[in-house]
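Naming convention: chains lettered A, B, ... in sequence-line order (proteins, then strands); numbering from 1 in each chain. Atom set for the values below is all heavy atoms of this structure, side chains included, hydrogens, waters and symmetry mates excluded.
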Amino acid sequence: MADYSKEEIKNIEKKWQDKWARDGVYKVSNDTAKEKYYVLDMFPYPSGAGLHVGHPLGYIASDIVSRFKRLKGYNVLHPMGFDAFGLPAEQYAIDHGIHPATSTAQNIQTFKDQLSKIGFCYDWSREVQTCDPKYYKWTQWIFLQIFDSWYNQKKEKAERIADLIHLFAKEGNANHPFPNAKSLVPGSNKEVFTGGEWQSFDAKTQQEILMQYRLAYLAYTDVNWCEALGTVLANDEVINGVSYRGGFPVTKKQMRQWSLRITEYAERLLKGLEEVDFSDSMKEIQRNWIGKSVGARITFQVKDEKERLYNLVVFTTRPDTIFGVDFMVLAPEHELVKEITSIAQRAEIEKYLAYVESRSEIDRMAEVKKITGAFTGAFAVNPFNGREVPVWISEYVLVGYGTGAIMAVPCGDERDHKFANHFGLPITNIIGEYYNGQEANPTKEAILENSDFLDGLVMHQAIDVVIDRLEEKGIGKRQVNYKMRDAGWSRQRYWGEPFPVVFTDDMPFAMEDHELPLELPELTNFKSSGTGEGPLANLPDWVHFANNKRRDTNTMPTHAGAAWYFLRYTDPHNDQVFADRKALDYWGQVDVYIGGSEHAVAHLLYSRLWVKILHDLGYLNFDEPFKKLINQGKITGDSRFVYRIRGTNTFVSAGLKDNYDTDPLHVDVSIVAGLDLNIQAFRKWKPDFANAEFILEGEKYICGAAIEKMSKSYFNVVNPDEIIENYGADTLRMYEMFLGPLELSKPWNTHGIDGVFKFLRRFWNLFHNAQGNFEVSDGKPTPEALKVLHKTLKKIEYDIDHFSFNTSVSEFMICSNELNSMKCNKRAILEPLVIALSPFAPHIAEELWEKLGHSDTILNEAFPQYNEEYLREDSFEYPISINGKVRAKMNFALDMPKEDIEKLVLASEIVIKWTEGKAPKKVIVVPGRIVNVVM
RNA sequence: GCCCGGGUGGUGAAAUUGGUAGACACGCAGGACUUAAAAUCCUGUAACCCUAAAAGGUUGUGCGGGUUCAAGUCCCGCCCCGGGUACCA
């Protein structure tokens with residue numbers, strides 16, 4: 001007697017989880033003739049809160065795919081690891097004095113315990129932890145490869161610095177200009193040097209020049225400085241001018257920081273999107289982030305009050321509007337500002353610069369529409385008609401984009417138009433009636449007027465005409481610009497990878513391979529110095545470990561360890577190379593990568609960058625890491641609120657809260673039934689509430705509700721352990737899949753979980769008689785049962801290939817319902833079905849498989865191939881529609897000719913009733929689909 | 001503002017190429033079993049009209065229009081929700 005009861009489920013799941021672990025059934029070999037398939041989850045950051053039901057959603061999906069592909073005969077790599085460096089562990093250390101290594105290890109253990117209960121098929125022997133020195137040795141090593149590389153724009157690939165030195169000695173840098181247009185030869189204002197000059201430079205100058213080319217480089221950059229966190233943040237860690245974590249203010253600060261020259265790869269990162277299978281929105285997010293725009297650089301002459309001339313280079317996407325330029329605007333930080341400001345305007349400009357300086361990022365963002373600026377007193381000369389226009393400065397022009405200067409065309413650009421109106425500047429109309437005098441019109445379709453040699457041309461055609469003319473005159477050229485900036489790679493933190501470099505004479509030099517890893521030293525004071533140095537500065541002996549030698553006090557961002565972990569899984573224990581070339585070639589690209597869309601820009605771009613660089617340097621034979629990316633939707637929590645009357649300990653029910661001045665407080669969802677607060681439990685929940693008073697509605701306290709991100713601090717977290725305790729892991733797995741399409745975000749509720757549980761029990765009962773004893777028949781299955789089986793197999797295979805797991809669960813339910821009503825317990829039907837179910841519900845499947853008399857694990861079976869033979873139908877019940885409305889059904893053989901169907905349909909009683917004897921205009925017969933009679 | 005994605009019963013959702021809208025499940029209602037409850041099983045369940053019932057009819061996939069024999073699906077305009085991004089020249 002064995003019911004699919006709570007106790008029995010626990011026994012079964014424990015039994016198989018133990019056996020799988022004991023037998024090592026998930027261990028994957030690199031050495032096989034089988035075709036590979038690589039299924040990857042975005043590895044989690046092991047937070048102290050443990051797993052909630054949102055985490056496993058993607059893991060369950062990837063587990064189903066892995067198990068399915070294994071049954072289909074592939075050698076499947078499905079590993080798991082931990083993104084274990086990061087700020088929260090360090091913050092925890094500062095608050096509680098517990099070393100990040102200790103708390104991280106504990107959290108990882110909690111995660112693994114929770115994961116193991118869900119029955120995932122991870123090969124834990126391949127686990128990686130980014131904070132493990134054996135792992136970050138290779139993170140540091142790859143960093144040094146990037147440090148030792150430059151981007152050859154001619155060949156569009158990374159090459160070694162040694163090759164660059166060779167080139168410089170031979171021909172200088174004329175063919176390979178500085179990647180950053182602002183770079184100059186140190187101590188001069190030259191952008192170009194000859195081979196001879198290179199050889200005459202001293203060692204430090206040579207190093208400084210090379211630094212301008214390195215793909216990992218150290219430079220003074222404007223960084224996002226967060227005083228409250230005491231650290232620099234990456235652009236993607238700053239949201240709306242405040243820090244992503246904590247929401248603290250962020251200001252700009254010049255600091256000497258490591259950066260990755262990702263801008264050199266902008267075009268390849270863009271092009272690579274065409275060959276990968278990511279969702280449209282994901283590609284769009286990355287495209288927007290890269291932000292390519294095509295236009296021209298144009299050099300204007302600027303005259304100051306003493307008629308001195310300066311070159312002013314602007315970037316514009318609309319060179320066609322050059323005759324509509326009414327003024328120029330420089331970023332306040334533009335280096336020309338000091339030079340060209342007239343004496344009369346100096347006070348005003350300085351006042352304006354002080355104002356800009358005083359503005360924080362949030363101020364700027366909050367007041368984007370505010371129009372400010374100042375006139376320099378200088379004039380720019382239009383290179384085509386010699387017209388002189390005033391040069392202004394304004395914060396709406398950003399120093400970091402393009403050249404930090406624009407030509408302003410008020411009739412065509414909204415911002416320029418507002419600026420002109422605000423300061424009373426004249427507006428030239430070059431687009432005739434397309435400009436209404438009220439607001440700018442950014443069209444490209446207008447026919448140009450007042451535009452000299454462009455008159456009569458449509459704007460989008462004029463663009464090329466102007467650029468050609470600019471190039472002829474040598475005052476401009478075609479130019480592509482990208483919004484993306486180089487990636488800041490230094491963090492003022494302890495809990496990250498130290499930079500494997502040694503400074504001599506203030507220049508960084510790579511450590512030798514055999515010196516790696518540069519391990520994190522022991523530390524007790526994790527607080528950063530607050531001067532912009534990381535906590536490692538608290539260890540002067542470690543930093544200044546030898547005469548004239550110094551280490552970097554910063555560490556790398558968490559993105560570093562995550563940028564290549566998928567490569568390490570292929571050969572995780574190698575201590576000679578980051579991964580054996582044979583293993584890398586065998587496993588290659590990740591076939592399916594599943595994770596949240598919040599990593600769209602940072603993690604995915606950095607991974608793609610590192611893979612491209614490693615590819616260019618000859619370590620990989622592919623240059624996109626992820627063939628297909630699936631973003632699972634978030635599972636949101638259903639939060640509950642109580643409303644406290646301000647300054648009291650009295651709580652008012654939701655319906656009455658508008659009568660009082662109240663503050664909403666999150667309340668633990670576990671002490672609220674629906675919307676009714678359990679007042680007893682609430683008083684016990686927190687000491688503060690022990691004496692709480694309540695203003696009720698009727699007899700009840702009704703809570704407020706909101707759908708929010710699932711978070712411990714919102715008390716709306718549902719722990720998967722609870723579900724497993726009550727229903728088992730198989731039910732949890734199938735229920736999470738049944739909730740809806742994987743990529744949709746959806747609120748967690750347990751309304752439907754009973755339905756899934758009942759399905760599993762009914763499925764179990766197919767194998768058991770009324771007394772609960774195992775009983776299957778070896779008799780010949782009926783054609784009906786075979787049809788049900790093969791229909792199911794076909795659908796399941798289709799659905800898994802299309803990541804449509806909610807519909808596969810439905811299909812299993814339909815199948816089980818149908819077999820149930822047929823009272824079918826034939827082995828020939830049930831055996832294949834168990835295999836098909838095993839990716840979804842592995843525990844029950846293994847148990848039934850064993851009961852069916854098999855001694856080997858079900859994992860080594862083959863997914864049963866459906867056979868169209870059994871699905872073939874002879875006839876079809878046609879819906880008969882009249883003028884598009886279905887009025888009847890009629891059964892015809894599928895091979896019946898259209899004309900015969902038409903005749904029979906028209907002769908039928910129901911059609912005669914509707915046609916009233918009149919001849920129809922038209923009859924459409926779609927074989928196997930529908931008949932439509934048009935009157 | 002701009003760019004993506006989405007809007008279908010009381011609820012989660014399904015509809016693979018334009019071809020029977022609402023599969024599957026929850027919930028609800030009724031019934032069987034039970035002293036009773038739980039569990040389980042059976043039946044019904046888009047809305048409206050008509051009917052004693054059956055049968056039948058009308059409307060219906062955010063709104064308005066269009067293409068088509070046929071539209072949740074394609075086209076045009078609009079509204080709302082979610083995400084990304086934001087003086088990017």
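B:U17 and B:G6: their P atoms are spaced 15 Å apart (whole Å). Distance noted for atom C1' between B:G18 and B:U68: 9 Å (whole Å). Distance noted for atom C1' between B:C2 and B:G19: 39 Å (whole Å).
Evaluation of atom-type donor-acceptor distances gives no pair under 3.5 Å for the side chain of A:Lys483 against the base of B:U85. Side-chain atoms of A:Lys795 and base atoms of B:U16 include a donor and an acceptor less than 3.5 Å apart.
Checking each of A:Phe759, A:Tyr727, A:Phe757 against A:Met734 for a side chain to side chain contact (heavy atoms under 4.5 Å, CB included) leaves exactly one that passes, namely A:Phe759.
Glycosidic conformation, B:G9: syn, with the torsion inside 90° of 0.
In the set B:A23, B:A13, B:C88, B:A23 carries the atom at the smallest distance from any side-chain atom of A:Ile814. Closest approach to the A:Phe876 side chain among B:C24, B:A89, B:U20 is made by B:U20 (side chain taken as heavy atoms from C-beta onward). In the set B:A15, B:A39, B:A89, B:A39 carries the atom at the smallest distance from any side-chain atom of A:Arg761. Distances were taken from every side-chain heavy atom of A:Ile406 (C-beta onward) to each of B:G19, B:C24, B:A89; the shortest belongs to B:A89.
One finds a side-chain N or O of A:Asn806 lying less than 4.0 angstrom from the OP1 or OP2 phosphate oxygen of B:A14. The side chain of A:Asn932 places no N or O atom within less than 4.0 Å of a non-bridging phosphate oxygen (OP1 or OP2) of B:U68. For A:Lys758, a side-chain nitrogen or oxygen approaches OP1 or OP2 of B:C26 to under 4.0 Å. Residue A:Arg887 has a polar side-chain atom (N or O) positioned under 4.0 Å from OP1 or OP2 of B:G57. A close approach under 4.0 Å does not occur between any side-chain nitrogen or oxygen of A:Tyr798 and OP1 or OP2 of B:U16. At B:C41, one or more side-chain N or O atoms of A:Arg762 fall inside 4.0 Å of OP1 or OP2 (strictly under the cut-off). For A:Ser293, a side-chain nitrogen or oxygen approaches OP1 or OP2 of B:A89 to under 4.0 Å.
Taking 4.0 Å as the cut-off between side-chain N and carboxylate O, A:Lys795 and A:Asp799 count as a salt-bridged pair. Between A:Lys444 and A:Asp320 no salt bridge is recorded (no basic side-chain N to carboxylate O distance below 4.0 Å). Under 4.0 Å is where a charged nitrogen must lie from a carboxylate oxygen, and between A:Lys292 and A:Glu267 at least one such pair does.
Contact of the A:Pro319 side chain with the A:Ile298 side chain is registered, since non-hydrogen atoms from C-beta on lie closer than 4.5 Å.
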